[in-house]
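Treat the numbers as computed from the prediction; the structure is a model and nothing was measured. Protein chains get the first letters and strands the later ones, always in sequence-line order, with residue 1 at the start of each.
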Protein chains: 2
Amino acid sequence: MVTIYDVANKAGVGMKTVSRVLNDEAHVRPAMRARVLQAIEELGYRPNLAARQLAANRSFLISFIMNDVTSSYQTSMLVAASAECRRRNYHLVVEIMEPDESATGLVERVMANLRPDGIMLVPPLSNDADLIQAIANRGTKLVRVAATLQGYGHVVPVRDTEVSQKLVAHLLASGKKRIALIAPPYAKAAAHERVTGYKLALAAAELPLESDYIVQGDFTFASGKSATERLLGLPQPPDAIFAANDAMALGAMAVLQQRGIGIPEDMAVAGFDDSPGSRTVYPPLTTVRQPISGMARDAIAKLLGGPVDQEPLVPELIIRGSTQVGFVETVIAQDK
Amino acid sequence: MVTIYDVANKAGVGMKTVSRVLNDEAHVRPAMRARVLQAIEELGYRPNLAARQLAANRSFLISFIMNDVTSSYQTSMLVAASAECRRRNYHLVVEIMEPDESATGLVERVMANLRPDGIMLVPPLSNDADLIQAIANRGTKLVRVAATLQGYGHVVPVRDTEVSQKLVAHLLASGKKRIALIAPPYAKAAAHERVTGYKLALAAAELPLESDYIVQGDFTFASGKSATERLLGLPQPPDAIFAANDAMALGAMAVLQQRGIGIPEDMAVAGFDDSPGSRTVYPPLTTVRQPISGMARDAIAKLLGGPVDQEPLVPELIIRGSTQVGFVETVIAQDK
DNA sequence: GGATCTTGGTCACGATCTACGATGTGGCGA
DNA sequence: TCGCCACATCGTAGATCGTGACCAAGATCC
């Protein structure tokens, strides 16, 4: 195993100078730096991570805590964050929070063993008060993506209001008049901007807010189904459904197809998240794609320091066949 | 920070004895062991991972290499492996192989920095010859899940033949006579057992093997669509389609629904993987569920040592509405 | 008395941090 | 030209941490 001393010998410098070069410290002349770098190159030297962790008292690890691996939102964020960590020579360690696990237990387990330099949380955990408190108690650096809850740690904001409004406006523009909303559960604070956008769009079109048309869901496929059945049971059912996430929108579509109701002619359906399922149902689901990569980049930047995107990251409306008759799906084909 | 010396002092023993207790070594009397454990408990001592890594020359890390986070197969495996690692006080580090990344580059990047104690590969990477060779060159321990390619590393086998045969037999039993197969790409060796099962089922029913009914796919949604279009263009189209994975089966369903062909009355469709999409389409897709948790447990056991399941792990046939008229979907509801 | 078990001690492992020391280098005023 | 100071550059020493290799001394058992 080639060590820092071998590099120092080869370059004819002191070990400390090699260390300075490795850590981009000041007070090393360019010529000397080049000599050291060449020696590193020639020897194929790689610093021992464990030794660095021990001496520098940092781990070069980021803990990514998630609670649902079937969530494409969480897994997409995982990939993007992993790529960003790689650019900085950090590594991402995945921790999965079991349904029955306590926040303090999880934090104890992760922190005590791994001692990561930072923790990254994504919804719904980024608004979990217990978890945030447990992390705050330990003083570990924290970044929370799409968090609305104030508190400890950096926050990467979401901006779902505008795009939700645009989505509902699109439904209205395509001739729909009675737009229902399958709303997010109260606990998922991060998604309430979608409700706001819905209300703003109706107000802009000077349409009344029908309370019957707003049904609470819990982000699951099953809740989308039951919400839709309730909507269909109304004296005057809606002619379009905006679900606050894709899983519920897919539930809505399943019920409509079971009953032979035409999508989008008789009932348009739209979701939120651009999940894989949204691309593979028929007709493909109109939805919203989050700027996942940019958000992950910002999250890691806030954790480790570095430039954060200045222009605000905005989600993108993806119009597909579930809201548009005669939709040409060339876009979909290349998606995967 | 409380160190091993603090524990030794508190327990009134030598530091070395504490180390022996921590590592479950022999030659420590039960009474002494108990005293040490109590001191650890009272002080809330947690060994410094970096120091252990440095001294013991192991990292307590497993690298999990994946190339597609949208694949429910890979993410499910990730979760199960993560849970199993936790039980052993190991940690799972996720590495994502970029599409344009070379195998040697990836291995160099992962090994040089992290030096994990083992690497876990899942399909399709578990049959990637370049990657396996690069890992073999470094001598890192390796386990490959669902690998058919012989070579370096432990292998967790798949047993897809029997369940595939059972699936096709189910189609035949429900009155279908012309079963088509959307086959896996040649490169995905792991999936060829599904083809074998298909052929065995036809042979068992004394049906001829129609080469027109076997269309090659590439595991994508789009390839499932085009394969289905080809099948529908045949002089005598099939009355059932067995796709070698769920993505292609969903593609088949999309084409059928677009053309107004009834599922399952006019055409039954079955997939493979029990992906989230298979549960949220309408009608829900008949598919096969792999014993993911068991496979992940075996994989980690083979990597780190320990008991491996003796009874062979077999996949499970999940019959749903895409092949069975009047399917009652109470089972689905609780799936999430 | 010999064999085995139990316990403790010492050193190396390897990169960084803190702290300090030893040079070299340049500027400035006298 | 010399003395002096400020600063940049580079090196050294010890501490950090738990484990494995190795040895040694004592205890216990047959």
Side-chain angles (χ1 to χ4, degrees), chain A residues 1-40 43-61 89-91 111-117 304, chain B residues 1-40 43-61 88-91 111-115 117 304:
Chain A
M1 184 53 64
V2 37
T3 74
I4 197 173
Y5 291 96
D6 301 328
V7 176
N9 280 335
K10 176 115 184 168
V13 301
M15 174 269 279
K16 181 70 218 200
T17 300
V18 180
S19 174
R20 279 194 254 259
V21 171
L22 285 173
N23 293 283
D24 265 329
E25 289 176 31
H27 308 311
V28 181
R29 275 180 307 180
M32 189 73 83
R33 181 181 301 271
R35 229 164 70 201
V36 170
L37 288 175
Q38 190 187 344
I40 288 175
L43 292 173
Y45 165 73
R46 291 305 185 127
N48 185 314
L49 185 63
R52 300 186 79 183
Q53 290 175 348
L54 180 59
N57 204 27
R58 1 179 242 160
S59 62
F60 303 93
L61 298 175
N89 263 314
Y90 264 67
H91 289 266
M111 295 304 304
N113 284 311
L114 223 47
R115 310 188 193 189
D117 293 341
L304 302 181
Chain B
M1 184 54 64
V2 37
T3 74
I4 197 173
Y5 289 96
D6 301 328
V7 176
N9 280 335
K10 175 118 186 166
V13 301
M15 174 268 283
K16 184 70 224 197
T17 301
V18 180
S19 173
R20 278 194 256 260
V21 171
L22 285 174
N23 294 283
D24 265 329
E25 289 176 31
H27 308 309
V28 181
R29 275 183 307 180
M32 190 71 82
R33 182 180 301 271
R35 230 164 71 202
V36 170
L37 288 176
Q38 190 187 344
I40 288 175
L43 292 174
Y45 166 72
R46 290 303 184 128
N48 184 314
L49 185 63
R52 301 185 79 184
Q53 291 174 349
L54 179 60
N57 205 26
R58 13 180 231 156
S59 62
F60 302 92
L61 298 175
R88 296 163 174 264
N89 263 315
Y90 265 67
H91 289 266
M111 295 305 304
N113 284 312
L114 222 49
R115 310 189 192 188
D117 293 341
L304 302 181

Holding to side-chain contact (heavy atoms from CB on, under 4.5 Å), I want the full list of residues that pass it with [X], two or more places apart in sequence or in another chain.
X: B:N48; value: A:L54, A:R115, B:A50, B:A51
X: A:N23; value: A:S19, A:E25, A:R52
X: B:M111; value: B:V107, B:P116, B:I119, B:R138, B:T140

Per-nt protein contacts along nucleotides 10-16 of chain C (heavy atom under 4.0 Å; B base, S backbone sugar-phosphate only, - none) come out as ---BBBB
Among residues two or more places apart or on two chains, list those pairs meeting salt bridge (charged side-chain N to carboxylate O under 4.0 Å, His left out) that have a residue in residues 7-19 of chain A.
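Salt bridge (charged side-chain N to carboxylate O under 4.0 Å, His left out) check on residues 7-19 of chain A returns A:K10-A:E42.
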With B:Y45 via ring-ring contact (aromatic ring centres under 6.0 Å, His included) - residues at least two apart:
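Listed in chain order: nothing, the list is empty.
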Whole-Å distance separating the [atom1] atom of [X] from the [atom2] atom of [N]:
X: A:M32; N: C:dT23; atom1: CE; atom2: P; answer: 15 Å
X: A:H27; N: C:dT25; atom1: NE2; atom2: C1'; answer: 15 Å
X: B:D6; N: D:dT16; atom1: CG; atom2: P; answer: 11 Å

Could you list the residues that satisfy salt bridge (Lys or Arg N to Asp or Glu O under 4.0 Å) with [X], not counting sequence neighbours?
X: A:R33; value: A:D24
X: B:R46; value: A:E108
X: B:R88; value: B:E84
X: B:R29; value: none

Can you pull every protein N or O that's under 3.5 Å from an N or O on nucleotides 28-30 of chain D?
none

Quick check: does any side chain N or O of B:S59 sit under 3.5 Å from a backbone N or O of B:D117, one acting as donor and the other as acceptor?
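Yes, because the side chain of B:S59 sits within donor-acceptor range (under 3.5 Å) of the backbone of B:D117.
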Between the axis at one end of the helix from C:dG1-D:dC30 to C:dA30-D:dT1 and the axis at the other (five pairs apiece), what's the angle to 10 degrees?
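Both end axes considered, the difference amounts to 30°.
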